[in-house]
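Before any comments, here is the structure.
Values below: all heavy atoms of this structure, side chains included; hydrogens, waters and symmetry mates excluded. Since the model is a prediction, treat every value here as computed from it, not as a measurement. The chain is numbered in sequence order, starting from 1.
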Amino acid sequence: MPYEERVDRALTAILSSQPWDVHQRKWLKRIAEQMKATTVVDRDALDRRPFSEHGGFKRLNKLFDGKLEDVLARIGDAVWKEGA
């Protein structure tokens, strides 16, 4: 399965996994788009452009109630699970 399709499927799974607020949903979609462009989106990547322009990891982590690293891990797991 192509990587971009894996990311799309992972995003769909993550979005349906819990009731995200509108801002969280927007950022999850942005993270998925960045994953398609650079493959890896981790804490370091969130402190670089284009995310640094919006406060980077620290701000986004607050938006995700301090659980952004867990969310990123879940997205990564879903990407590779979908490809299996």
Worksheet item: Using 4.0 Å as the upper bound for N to carboxylate O, is an ion pair formed by Glu5 and Arg9?
Response: yes

Under 3.5 Å, which donor-acceptor pairs link side chains of residues 55-63 to any protein atom two or more places apart or in another chain?
from  : atom 1 : to    : atom 2 : distance (Å)
Arg59 : NH1    : His54 : O      : 3.0
Asn61 : OD1    : Lys67 : N      : 3.4
Asn61 : OD1    : Leu68 : N      : 3.0

Worksheet item: For the residue pair Trp20 and Arg25, what are the closest heavy atoms and their distance?
Response: CB-CG, 3.5 Å

Discussion item. Membership question, hydrophobic clusters at under 4.5 Å side-chain separation (ILVMFWY): are Leu15 and Trp80 in the same one?
Written reply: yes

Worksheet item: Any donor-acceptor pair under 3.5 Å linking the side chain of Thr38 with the backbone of Met35?
Response: no

Discussion item. Can you give me the closest heavy-atom contact between Ile31 and Ile75, atom names plus distance?
Written reply: CG2-CD1, 4.3 Å

Discussion item. A side-chain contact here means heavy atoms from C-beta on lying under 4.5 Å apart; do Arg74 and Ser17 qualify?
Written reply: yes

Discussion item. Using modelled atom types and a 3.5 Å cut-off, is there a donor and acceptor pairing between side-chain atoms of Arg6 and backbone atoms of Met1?
Written reply: yes

Item to complete: List the steps, then state whether side-chain contact (heavy atoms from CB on, under 4.5 Å) holds for Gln24 with Asp65.
Response: CA-CA 10 Å; Gln24 291 170 326; Asp65 302 319; 4.2 Å; yes

Worksheet item: side-chain contact (heavy atoms from CB on, under 4.5 Å) between Phe64 and Leu72: does it pass, once the steps are laid out?
Response: CA-CA 11 Å; Phe64 285 91; Leu72 294 174; over 6 Å; no

Worksheet item: Any Lys/Arg nitrogen of Glu33 or Lys36 sitting under 4.0 Å from an Asp/Glu carboxylate oxygen of the other?
Response: yes

